[in-house]
Amino acid sequence: MSEGVQSSPAFTPRVFSGIQPSGGLTLGNYLGAMKRFAEMQNHGFETLYCMVDMHAITVWQDPDALRRQTRELAAGYLASGIDPSRSILFKQSQVAEHAQLAWVFNCVARMGWMKRMTQWKDKAGKNQENASLGLFAYPALMAADILVYHATHVPVGEDQKQHLELTRDIATKFNHDFGQEFFPITEPVIEGAATRVMSLRDGSKKMSKSDPSDASRINMTDNADAIAQKIRKAKTDPDALPSEAKGLDDRPEARNLVNIYAALSGQSVDDVLREVGGKPFSEFKPMLSDLAVDKLSPISSEMARLMRQPDEIDAILSDGAERARLIAAPILKRTYEIVGMTG
Ligand code: AQP
């Protein structure tokens with residue numbers, strides 16, 4: 001098991017996580033999620049990874065773009081090391097049990113819980129009356145994604161911590177309301193140097209695929225020139241890099257670039273700073289570009305190859321959906337019995 005991962009004794013360890021096909025993949029998705037998904041798969045966990053297209057449509061998606069982005073995300077998973085013979089890789093909408101359990105959870109979760117979610121506040125903004133009901137209910141569907149597999153661990157970036165807490169609240173309330181420990185209290189797994197990769201233009205904002213500025217992010221499909229140019233133009237401060245991590249306090253942009261370097265090179269931040277402390281950004285940025293190109297180009301070339309074979313991707317996802325359903329269906333059936341809808 002990876003560091004910091006504890007298992008609830010009553011449930012077999014099982015890992016679930018998902019990514020929205022709401023745009024091209026970013027370096028944030030890769031370092032905060034995909035790279036770690038592959039590590040968990042390789043550490044002997046039972047792993048299920050999903051393209052959460054039902055989450056993506058909580059905000060408008062062009063249908064053709066959604067189809068393309070879903071395949072591209074699948075290609076991203078595969079190119080990042082997800083092996084469909086060892087992990088179950090599938091599309092959320094192909095396993096109807098997610099939506100069915102989400103309805104039960106809509107009736108367990110409270111309006112007040114949802115209203116407190118920062119993602120709801122950020123994404124609905126000042127226009128809450130006009131936001132979709134799905135965007136509001138998003139965390140109940142996310143709880144269903146996880147709990148329909150009795151998943152015990154969910155690797156995510158820092159931004160998803162609050163939603164994971166809500167998943168635990170839903171499981172606790174369900175178990176309490178119906179008087180049995182049916183759902184596990186899932187552990188978030190938020191580890192590593194890059195749990196929150198920030199925008200290259202603003203160190204206080206998360207790197208996001210839906211940021212209007214392309215210069216704010218590194219896309220997994222960016223070529224070497226684009227990566228180098230974005231890192232060269234990344235916002236920094238005039239000081240040289242410090243030799244110790246505390247020297248990054250109040251320097252969010254410097255911290256972000258060092259965190260990215262650490263995560264890409266598999267080193268700790270302290271080790272990186274021992275190597276680069278005292279260097280100006282004019283020296284550090286080319287080092288970071290070279291490293292990023294070195295690590296990301298094999299992934300983007302493999303993604304491009306897979307995208308030329310959409311039938312192969314679709315076949316992997318159909319097979320994954322069937323295997324996912326074998327786990328989800330009995331858990332949903334038992335939920336319906338507990339609630340009193342069948343049995
Ligand atoms: N910047 C990030 N740093 C670390 N982890 C990140 N993740 C996303 N951005 C970062 C992690 O990637 C997983 C999938 O996220 P998602 O795409 O489903 O949703 P998101 O978190 O809302 O990502 P985006 O890029 O910001 O998408 P949009 O713009 O569509 O909302 C999660 O584990 C997330 O933590």
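Heavy-atom basis, side chains included; hydrogens, waters and symmetry copies ignored. All residue numbers refer to positions in the sequence shown, counting from 1. Order of listing sets the numbers, starting from 1, for every ligand and every atom in it.
Atoms of ligand 1 found under 4.0 Å from any heavy atom of Ser22 (numbered from 1 in listed order, with element): 30 (O). Listed by number with element, the atoms of ligand 1 under 4.0 Å from a non-hydrogen atom of Gly32 are 4 (C), 5 (N). Counting the atoms of ligand 1 from 1 in the order shown, those under 4.0 Å from a heavy atom of Ala194 are 4 (C).
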Test side-chain contact (heavy atoms from CB on, under 4.5 Å) applied to Met111 and Phe136, step by step:
CA-CA 9 Å; Met111 297 279 285; Phe136 188 67; 3.7 Å; yes

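Enclosure of atom CG in Leu133 is not indicated, since only 12 or fewer non-hydrogen atoms of other residues, nucleotides or ligands lie within 6.0 angstrom. Within 6.0 Å of NZ on Lys161 lie no more than 12 heavy atoms contributed by other residues, nucleotides or ligands.
Distance check, rounded to the nearest 0.5 Å: CD1 of Ile19 to NZ of Lys209 gives 7.0 Å. Atom CG in Leu135 sits 11.5 Å away from atom CG in Leu141 (nearest 0.5 Å). Here the OG atom belonging to Ser216 is positioned 7.5 Å from the NZ atom belonging to Lys230, to the nearest 0.5 angstrom.
At a 3.5 angstrom cut-off on N or O pairs, Thr26 does not count as close to ligand 1. Geometrically, ligand 1 and Gly28 share a nitrogen or oxygen pair separated by less than 3.5 Å. Ligand 1 has no nitrogen or oxygen under 3.5 angstrom from a nitrogen or oxygen of Glu158. An N or O contact shorter than 3.5 Å is missing between Val52 and ligand 1 by distance. The shortest N or O to N or O distance between Ser17 and ligand 1 is not under 3.5 Å. Taking any N or O of Gln20, backbone or side chain, at least one lies under 3.5 Å from an N or O belonging to ligand 1.
The shortest contact between atom 33 (O) of ligand 1 and any protein heavy atom is with Gly157 N, 3.3 Å. Atom 22 (O) of ligand 1 has its closest protein heavy atom at Lys206 NZ, 3.5 Å. Counting only heavy atoms of the protein, atom 32 (C) of ligand 1 lies nearest to Gln160 CG, 4.0 Å. Nearest protein heavy-atom neighbour of atom 35 (O) of ligand 1: Asp159 OD1, 2.5 Å. In terms of protein heavy-atom proximity, atom 15 (O) of ligand 1 is closest to Asn29 ND2, 3.6 Å.
Contacts between Val197 and ligand 1 below 4.0 angstrom, taking non-hydrogen atoms only, involve backbone and side chain alike. Under 4.0 Å from ligand 1, heavy atoms of Lys209 appear from its side chain as well as its backbone. When non-hydrogen atoms are compared, ligand 1 lies under 4.0 Å from the backbone of Thr195 (N, CA, C, O) but not from its side chain. Residue contacts with ligand 1 for Ala33 involve side-chain atoms from C-beta outward but no N, CA, C or O (heavy atoms, distance under 4.0 Å). Counting heavy atoms under 4.0 Å from ligand 1, residue Ser210 touches it through both backbone and side chain. Of the heavy atoms in Ala56, none comes closer than 4.0 Å to ligand 1.
Judged purely by distance below 3.5 Å, without hydrogens or angles, the side chains of Asn256 and Arg196 never pair a donor atom with an acceptor atom. Checked by atom type, the side-chain pair Asp145/Gln92 shows a donor-acceptor distance below 3.5 Å.
With respect to Glu302 and Arg305, a salt bridge is recorded, a charged nitrogen being found less than 4.0 Å from a carboxylate O. Using a 4.0 Å cut-off between a side-chain N of Lys or Arg and a carboxylate O of Asp or Glu, Glu187 and Arg168 qualify as a salt bridge. Using a 4.0 Å cut-off between charged side-chain N and carboxylate O, Arg255 and Asp249 make a salt bridge.
With Asn223 contributing its side chain and Ala226 its backbone, the two residues share a donor-acceptor pair below 3.5 Å.
One option in Met51, Met34, Lys123, Gln61 has a heavy atom closer to atom 31 (O) of ligand 1 than any other, and that option is Lys123.
By the criterion of side-chain heavy atoms lying less than 4.5 angstrom apart, applied directly or through intervening Ile, Leu, Val, Met, Phe, Trp or Tyr residues, Val197 is grouped together with Met287 in one hydrophobic cluster.
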